[in-house]
Structure formats: structure tokens, C-alpha cells
Amino acid sequence: MSDTAAQEEQREEQQEEQEGEQQEEQQEEQDGEQQEEGQDGRLARDARTRERRVAALRGARRALARPGFVTTLRERLALLDGVEELYDLDEPSDLYGNGVVAALEERTAALLGMEAAAFFPTGTMAQQVALRCWAGRTGNPVVALHGLGHPEVHERNAFSRVAGLRPVRLTDEPRQPTAEEVRGFEEPFGALMLELPLREAGYLLPTWEELTEVVEAARERDAVVHFDGARLWECTVHFGRPLAEIAGLADSVYVSFYKSLKGYGGAALAGPRTLVEEAKAWRHRYGGQVFQQFPTVLSALAGLERELPRLPACVTHARVVADALREGLAAAGLPWARVHPEVPHTHEFQVWLPCTPEAAGEAALRQAEETGTMLFSQPWDAAGPGIALTEVSVGESGLEWTADDVRAAATDFAARLTV
């Protein structure tokens, strides 16, 4: 082959290679645009579904629970009606944590049987502060916790990125950790963190005996025990113990004021007075020394006064609702359905169905829109191939539902479901 022919062939190969690369780049760009459009489309659909779900819940005549965050500003402000009976509104307003904030801290500490408590804007901040304070005392920044715990699932690695802590997972199984796992863990840890109840696993709690054994196992390893008790308020029925006795197992406890208690927000860290005083210093460093907090604090006081006494009844009735749901779904002929746990540990539990989340969500919305009864008001997620999962909460409005009401609603829902 002549030099000219060889050069020409080489140019042709180079041109083909360039054209191929251009085609690949164009295809990648098209794929990226389609993926972006697909993601944007999913986000838009999710937003429309949420708007529809909120509208259905607001318009429903009957619902098992009515979360405060889906109401209007006017309705949320009404939460403060009558708070003059809970705190003297002629007292000076709070400034940087005094006044009504200090009053809430004292009441919270008394309820939990602790020496002191500190109010925090968020539980994420409260727990980071608590565990870094304990790390300073123990000399060990390692925190043993559950892989499904809130810090691991929902806080973007805040323990390690912000607080200088090193979380290690005792287990990822959908159950509470055992005393054997605590005793046998292969490296030292300064603190054991237990989420009570474990929300991602179905609001699961250990038995009282299991809990005390886990705490004892941590003590044997010279570790402190911290309870992630965002929902500790509703644990008394399952344990058959008062709040102070439950909290008293731990060295420190975090509780939330906006979940079960329906406040505007906020959390508290309770424990020894020396720990709480140090925590307040770190609260300032973290940006949690808020100028005024009286609306949120007054709503927390209202929650302690009004919602906390209702929770035992809600927990007890959740067991009635769970039984009736199981019976109604079975009677409707669904090939497979689960209520988890079978006997709820709190007033919240999971429902698993043999269908896609989209099918379950559409059936729930159609039922609410067409009948005014909203049996399932929470989003549905995929729990596996062909399996949809949602959470059920039984609030004050759910106390009005009889077992027959639940069974009838379950049957009606199943009739709208495309499995």
C-alpha cells in the first residue's frame, strides 16, 4: 500500500472514531436530558400527589389522625387558645432562653425524673450536643447505635461531619439491638444510643426486661446510655411503667415536642445538671440560642397539658384498629397483607400490601375524595418488589372509630385497589 493510501485510510479511521465519539456524547447528553426530565417529572408527580393528599385529609369527615402540619396558619395559631391557663401571659417575654423557656425546661425535667433539661430548636442539634458532651467525659467519641436510627437515616452523617463523633452500627436488622450484641461488639464505644421506639422498623420497642438488659450490658462496658426518645411519650403503655422510670434507665434523654405532642417544633435534652449546663454552652455555639421562642414553647406546654394525657388511650385503641384492619383486608380477599407489628407497641404502626405504592396511594386518595373517609393518610413507599408500605397513626380523631368502622373502611379501600 502506498504512503498516500495509508494516510488516507488513517484519516478515514480517525474521522470514523471522531464521529463515533460525537454520537456517544450526543447519546449521553440525550440520556442525561431524559433522566433529568424523568426525575423532574417524578418530583412534579410527587408534589401533585402530596397536594392532593393534604387536600383530601383536610376535606375528610373522618380520619384516624389529623397531623397539625397539614392545617392552615389560622388553625395552627388556635393551638395557643387558652394557654393563659398554662403560663402567666403577663410575665415578661423570654429572651435567650429565660422566662417561659425555663419553665418548660423545669416541667420537662420533672416529667422525665431528671435533674435538669435544656430546650433546643431541633432534636438533631440536641442529640449531637448530648453525645459530644458525653464523648468529652468518657474520652471516647464512638457512639454505638442502630443502623435504622434517625441519625443514620435522616441526618446526612451529622454525627461524623459536624459533631466529631464516630457512629458504629450494632445491627441493621429491623428490630431493637440485643444485650448480646452490646456485650459482644468488637470495639470500645463511649455511648450507647437507643431509639425508643425504633420508627423505621415499625415503631418497635423492646420488652422492659430486654431494655434493662441492654442498658446493663452497656454499663458493663463503662458506656453511658442515651435515649433517642423523640416519641418516648407514648411508650408507657407498652412498658407498663411511668415516664420517669423509663427515662431513669438512661444517663440522658432527648424528647420532641412536635411529633406526638403536636407543638410547633422544638426538643429537650434532659439529664444530670452538669451535662445540661454544658449542653447549653454548646447550644449557643451551634446557633441554638434563639432570641425569642415563646410561641413554640407555649405550644409545647399546650402539648404536655392536652396531648400527653391522651396518648395512652391512643396507644390502646391502635391495637383495636390494627386488629380490625387486618380482619378487613383479609375479608376483602387480598392475597397477602400485613400489619406490623401485629400488636402495635405505640399508637403508630406499619401496613404492608401486595401492590405498588402508586396503586395503594391512588386507592387511598380515591376513597377519601369519594367517601370523606381517609383510612390511610400517609404516603406509600416501596418495601420490595410489588410491596407497598405505609404508616398508620391513631390520634384523637381515631378514638371515634369502632372496629366495625375500620373493617368497613378497609373493605372499601381494598375494593378500589388494583393489585
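Please read all numbers here as calculations on a predicted model, not as lab measurements.
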Minimum side-chain heavy-atom gap [X]-[Y] below 4.5 Å:
{"X": "Arg53", "Y": "Leu365", "value": "yes"}
{"X": "Leu192", "Y": "Leu170", "value": "yes"}
{"X": "Leu298", "Y": "Leu89", "value": "yes"}

Please check: side-chain N/O of [X] versus main-chain N/O of [Y], any donor-acceptor pairing under 3.5 Å?
{"X": "Ser397", "Y": "Ala63", "value": "yes"}
{"X": "Glu277", "Y": "Pro272", "value": "no"}
{"X": "Thr390", "Y": "Pro379", "value": "yes"}
{"X": "Gln367", "Y": "Ala409", "value": "yes"}
{"X": "Arg221", "Y": "Arg183", "value": "yes"}
{"X": "Arg283", "Y": "Phe119", "value": "yes"}
{"X": "Arg66", "Y": "Gly395", "value": "no"}
{"X": "Arg61", "Y": "Thr371", "value": "yes"}
{"X": "Trp134", "Y": "Ala223", "value": "no"}

Return each pair, listed once, that meets ring-ring contact (aromatic ring centres under 6.0 Å, His included) where at least one residue sits in [range]; pairs must be two or more places apart or across chains.
{"range": "residues 189-215", "result": "Trp208-Phe239"}
{"range": "residues 293-329", "result": "none"}
{"range": "residues 149-186", "result": "His150-His154"}
{"range": "residues 365-419", "result": "Phe376-Trp380, Phe376-Phe413"}

Side chain to side chain contact (heavy atoms under 4.5 Å, CB included) with [X]: which residues, sequence neighbours excluded?
{"X": "Val237", "result": "Pro312, Val315, Thr316, Arg319"}
{"X": "Arg366", "result": "Arg52, Glu362, Glu370, Arg416"}
{"X": "Ala382", "result": "Pro357"}
{"X": "Val276", "result": "Ala116, Ala118, Lys280"}

Looking at every non-hydrogen atom in both residues, tell me the closest pair between [X] and [Y] and how far apart they are.
{"X": "Ala302", "Y": "Leu79", "result": "CB-O, 4.2 Å"}
{"X": "Val320", "Y": "Ala403", "result": "CG1-CB, 4.1 Å"}
{"X": "Ala247", "Y": "Leu112", "result": "CB-O, 3.4 Å"}
{"X": "Pro295", "Y": "Leu80", "result": "O-CD2, 4.0 Å"}
{"X": "Ser260", "Y": "His347", "result": "OG-CE1, 3.6 Å"}
{"X": "Gln378", "Y": "Pro67", "result": "NE2-CG, 4.2 Å"}

Check this for me: does any side-chain nitrogen of one of [X] and [Y] sit under 4.0 Å from a carboxylate oxygen of the other?
{"X": "Arg62", "Y": "Glu400", "value": "no"}
{"X": "Arg58", "Y": "Glu75", "value": "yes"}
{"X": "Glu305", "Y": "Arg107", "value": "yes"}
{"X": "Arg310", "Y": "Glu307", "value": "yes"}
{"X": "Arg166", "Y": "Glu187", "value": "yes"}
{"X": "Glu181", "Y": "Arg175", "value": "yes"}

With a cut-off of 6.0 Å (strictly less than), are more than 12 heavy atoms of other residues, nucleotides or ligands near [atom1] of [X]?
{"X": "Tyr264", "atom1": "OH", "value": "yes"}
{"X": "Arg219", "atom1": "CZ", "value": "yes"}
{"X": "Leu73", "atom1": "CG", "value": "no"}

Inset, instruction - For residues Phe291 and Tyr96, establish whether the separation of their ring centroids is below 6.0 Å. - result: yes
Legend entry - Asp46 side chain to Thr49 side chain, donor-acceptor N/O pair below 3.5 angstrom: no
How long is the span from the [atom1] atom in [X] to the [atom2] atom in [Y], to the nearest 0.5 Å?
{"X": "Leu64", "Y": "Met374", "atom1": "CG", "atom2": "CE", "result": "10.5 Å"}
{"X": "Tyr254", "Y": "Leu269", "atom1": "OH", "atom2": "CG", "result": "11.0 Å"}
{"X": "Leu196", "Y": "Asp228", "atom1": "CG", "atom2": "CG", "result": "8.0 Å"}
{"X": "Asp405", "Y": "Thr373", "atom1": "CG", "atom2": "OG1", "result": "8.5 Å"}

Legend entry - Listed once per pair and sorted, the salt bridge (Lys or Arg N to Asp or Glu O under 4.0 Å) pairs that draw on residues 115-138, sequence neighbours left out: Arg137-Glu278
Inset, instruction - Could you name each residue pair satisfying salt bridge (Lys or Arg N to Asp or Glu O under 4.0 Å) that touches residues 152-165, not counting sequence neighbours? - result: Glu152-Arg169
Inset, instruction - Could you give me the CA-CA distance, side-chain angles and deciding distance for Phe257 and Trp233, then say whether side chain to side chain contact (heavy atoms under 4.5 Å, CB included) is met? - result: CA-CA 10 Å; Phe257 293 117; Trp233 308 112; 4.1 Å; yes
Legend entry - side-chain hydrogen bond (donor to acceptor under 3.5 Å, both in side chains) pairs, two or more places apart, involving residues 291-300: Ser93-Gln292
Inset, instruction - Report the C-alpha distance between Asp251 and Leu275 in whole Å, list the side-chain angles of each, state the deciding distance to 0.1 Å, and finish with yes or no for side chain to side chain contact (heavy atoms under 4.5 Å, CB included). - result: CA-CA 10 Å; Asp251 296 285; Leu275 178 85; over 6 Å; no
Side-chain donor-acceptor contacts of residues 338-346 below 3.5 Å, not counting sequence neighbours, with atom names and distances?
unit_1	atom_1	unit_2	atom_2	d
His340	NE2	Ala201	O	3.0
His345	ND1	Leu205	N	2.8
His345	ND1	Leu205	O	3.4
Thr346	OG1	Glu348	N	3.1
Thr346	OG1	Glu348	O	3.4

Inset, instruction - Apply side chain to side chain contact (heavy atoms under 4.5 Å, CB included) to the pair Val83 and Leu301, showing each step before the final yes or no. - result: CA-CA 8 Å; Val83 293; Leu301 286 171; over 6 Å; no
Inset, instruction - Could you give me the CA-CA distance, side-chain angles and deciding distance for Val255 and Leu261, then say whether side chain to side chain contact (heavy atoms under 4.5 Å, CB included) is met? - result: CA-CA 10 Å; Val255 290; Leu261 300 187; over 6 Å; no
